[in-house]
Amino acid sequence: QVAAPSLVQVPCRAASACAQLGALSVWVEAMGPCGPDGGGAGFDFGAALGGIAGFSGGSGNDDADAFAGADLLGMALGRGDGPGGGDLDEFVHCEVFYDGTAKAAEAGEGVPYLRARLCEAFELLEVDLKKYLWHRDPFNLEIVLGDDATTSRGDAGEPHLVGHLRTGDGAEDEWFVIHLLRRLTAAQPGAACRVVDADGELLLIEAALATPRWLSPENAENRCWIRGGAVHLLPKPRPPEPQRLGRAEALARLRKAGAETRAKDKVQAAISARLSGFPRSAVELSTHVARAVLPVPVARALLAYPQLVAVALDHLPPPPARELQRLRNQLTQEETSVRFDCVEGEGSPSAETVCAGVRMTRLQYARLRGLRCQLGQRYTTKHWRQPPGASIEDKAMQLGQSLCAGLEVAYLQGTSSATATLRWPAPEALLPEVVPWFADAAFAQHSAGASSSSSVPPSLAARRAFAQQSGLDEPFRAALGRVWQSEALQTAVDLTAHWRDRSDAEEWLEVSAEDLDRDMAVRQAEFDAFDRKRGVAHAKGADKATPNGEGSADDVKKDMASMGSELSALLSKASGFGGVDVGDSAAPAGAGAAGAPTTAGRGGVASDDDTDDDSEDEELDVLGMEEDFNGSGSDDSEAEGAAGLAGTMHEYMGELDEQLEDVLDGGAEQEGASLPASEGLQLTSRHIKVHGAGPMDLDVHAMEHVLASYCAEHNLEPGPASLLMGELGFGRGGFGGGGRGAGAAGAAAGVGGLDSMD
């Protein structure tokens, strides 16, 4: 994590309006007319500029000043049309399956069984969960029952635990989830977990330099698991097995194979290297205590529920003041009692403030420090009160103003996702005392520490497991209002215990160029080591392919010569609407005259003779365009065999001509019909023989059109007329002066001997 001001926020001063215009033009040009999702809802460029001071013609009022700090980049990228909509595309999703769930589900006890496993999980992870502060959403695990939709897709329909949390810019949250799941599966051998994020298979991406090369996004789904505290990879798909592996099939193979599917040590080492120092290093990154001047009720809420800092940060910069006033007018009388400012309102005295040390993650603090937005009049230094008998620095005052402004926006908008933060109180006294299903007989049967007696209080893990997934659909206004009026909150949080003389050190905010270069050098060394290893492997493969590692240069020359001959032969072939005719009857251009066999290299083409000849020192015909008029590579027996085959084919075609002539002309002679006449030439047959030794009868009118088509070709590639001339033998006889005629004949030869019937 590089602690730096967020790049998502646009400068809010009217003086930088021109810079905003230039940046927006780039974003809109990149987005195109269809919007980020291609659904036809493009970004409203004019509406975005309409609220910026200086473009709307406004007088710099509160609306324009507030809107000037809006997250325009987030809006352009489709992250929501208001605060709190940023980084919705960054998440981590995990699934936890237990081997005994299917059996318990058959007995109708799938949910109690998973509740017992959930309590065990929170008992194992309680220490780490209490120390860590999440950047955006808190950790949660819920019970999900298998439905018909997942079963129809080939996925597991058995009940399991599911966790889904948005991470935003906090990439460390993803790896803390991995750390928790490794601990969970190591302590529970029957548990198997899958983890994915917005980019796909998180574990495979991290260990990309160590994973098998056959793994790809097409076949990686449901093949990477965490089991027994280690990474497991299911085997490569074998035909006719489909590339995509269903979850039910994957779980069956994973459970049956046991330790056989455990990934290689280099994969385990790559994941362990990323988690080096966990959980200590992750807790360090998630802990920064800063002094802030806050109203007393807000201070108690933030100290009891530290995740509220993420809610406040999600709603900064705030929307226009006019929109906030519209939302305030919709509040009921009871809801208006929840106030976040220090201004004395109608019927309510001004709130007393206190300076307290508020915990947040380092990334959250860096973003708060980097915010450059103008808050409403209620949250300015003029209307913010100093604590009684104290004089606090401006930095603490500004930090408190920003936190309160963000919380008010969340409260007014009633953001539903913010309710989950109120299910993770820091003081244990705020956890629910009663867990409805703790005294259930089926739950007690599957849980070691539970009892069916109602007199036994639920364990701390059971209270935490129940609280983190209960009432998540409750509106945020109602949930925060209950917390605000709770007497338990008044007694659970001692404000004097949270007084801080100074904030935590901020040296970590300064990232030098040397530090970045050192981190980049470490990462580059990993890639260099991988490249060297691959290079050694390729060199060994080449040595095995070439005896004693010799002759590799000659083999490359032969391979290039063979490739050039094949390309030359392909270019000399005729093409039609279906592509190039690559029939076996066409001879390669480089060997057509001489009839010499082409020597294939080690590129996959079989070679008739791999032995070296006396001409290996001569310069090879790489492109295959030179002709061997000496016929040095031909064999007399092969030439005689080719001549005999050609004679047999001519005899066969001649017999076909005779039969075709009888069929075409026989019926006309019986009926006494005359043959088609031409100017100055009477045809004696409807069929023209091209394989006979006698003269051919041609229709002069038809030949006139053929000659016109040939002349129209000019210097272009051989066309239909050139090919037809070549088939009729004109090209070989010097038709066209040798240049075009030779080309037509060569192209005709590549077709493989079409006759007039074709």
Side-chain angles (χ1 to χ4, degrees), residues 94-130 138-151 156-165 180-181 183-193 248 251 255 419-474 478-479 482-483 486 488 492:
C94 62
E95 299 170 330
V96 184
F97 293 86
Y98 289 92
D99 294 350
T101 307
K103 183 178 180 180
E106 292 177 358
E109 301 177 352
V111 174
Y113 176 84
L114 286 179
R115 284 173 177 169
R117 303 290 79 76
L118 185 62
C119 293
E120 292 178 1
F122 275 93
E123 187 172 356
L124 288 168
L125 308 176
E126 179 71 18
V127 176
D128 289 345
L129 289 174
K130 287 181 63 175
F139 182 76
N140 68 89
L141 283 176
E142 299 182 78
I143 298 175
V144 173
L145 302 178
D147 52 15
D148 296 336
T150 57
T151 305
E158 67 181 59
H160 56 281
L161 302 179
V162 170
H164 184 95
L165 59 149
L180 296 177
L181 295 180
R183 285 199 56 194
L184 177 64
T185 56
Q188 296 179 338
C193 306
L251 281 171
R255 291 163 177 168
T419 304
T421 62
L422 300 177
R423 301 299 182 253
W424 276 93
E428 298 176 359
L430 297 179
L431 289 172
E433 296 290 341
V434 178
V435 179
W437 38 261
F438 187 77
D440 183 63
F443 173 79
Q445 178 183 354
H446 296 288
S447 178
S451 174
S452 58
S453 176
S454 58
S455 60
V456 178
S459 62
L460 180 62
R463 294 164 60 190
R464 180 73 71 183
F466 171 72
Q468 57 94 31
Q469 62 172 342
S470 64
L472 297 180
D473 296 333
E474 182 182 11
R482 287 192 300 101
V483 169
S486 173

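Throughout, residue positions are numbered sequentially from 1 according to the sequence presented. Keep in mind it's a predicted model, so treat the numbers as computed, not measured.
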Problem set entry | Straight-line distance of C193 SG to Y98 OH, nearest 0.5 Å | 7.0 Å

Exercise. Okay, side chain of T185, backbone of L181: is any donor-acceptor separation there less than 3.5 Å?
Worked result: yes

For this session: For the residue pair R464 and P425, establish whether any side-chain heavy-atom pair is separated by less than 4.5 Å.
Result: yes

Exercise. Can you list the residues that meet the ring pair (Phe, Tyr, Trp, His ring centres under 6.0 Å) rule with F139, with sequence neighbours excluded?
Worked result: W134

Exercise. Are F466 and P436 side-chain neighbours, meaning at least one heavy-atom pair lies under 4.5 Å?
Worked result: yes

Exercise. Quick one: does V96's side chain get under 4.5 Å of Q188's, heavy atoms only?
Worked result: no

Problem set entry | Geometric class of the F97/H160 ring pair [parallel <30°, tilted 30-60°, perpendicular >60°] | parallel

Exercise. Does some side-chain heavy atom of E428 sit less than 4.5 Å from a side-chain heavy atom of K130?
Worked result: yes

For this session: Measure the spacing between SG of C119 and CG of L124 and express it to the nearest 0.5 Å.
Result: 11.5 Å

Exercise. Taking NZ, NE, NH1 and NH2 as the nitrogens, is one of them in K103 or E106 under 4.0 Å from a carboxylate oxygen of the other?
Worked result: no

Exercise. Measuring from L430:CG to R463:CZ, what's the distance to the nearest 0.5 Å?
Worked result: 9.5 Å

Problem set entry | L180 vs L129 side-chain heavy atoms within contact, under 4.5 Å | yes

Problem set entry | Sole residue of Q469, Q468, E474 in side chain to side chain donor-acceptor pair (under 3.5 Å) with R423 | E474

For this session: First locate atom OG1 of T101, then atom CG of L161, and finally report the distance between them rounded to the nearest 0.5 Å.
Result: 7.5 Å

Exercise. Rounded to the nearest 0.5 Å, how far apart are CG of L184 and CZ of F122?
Worked result: 10.0 Å

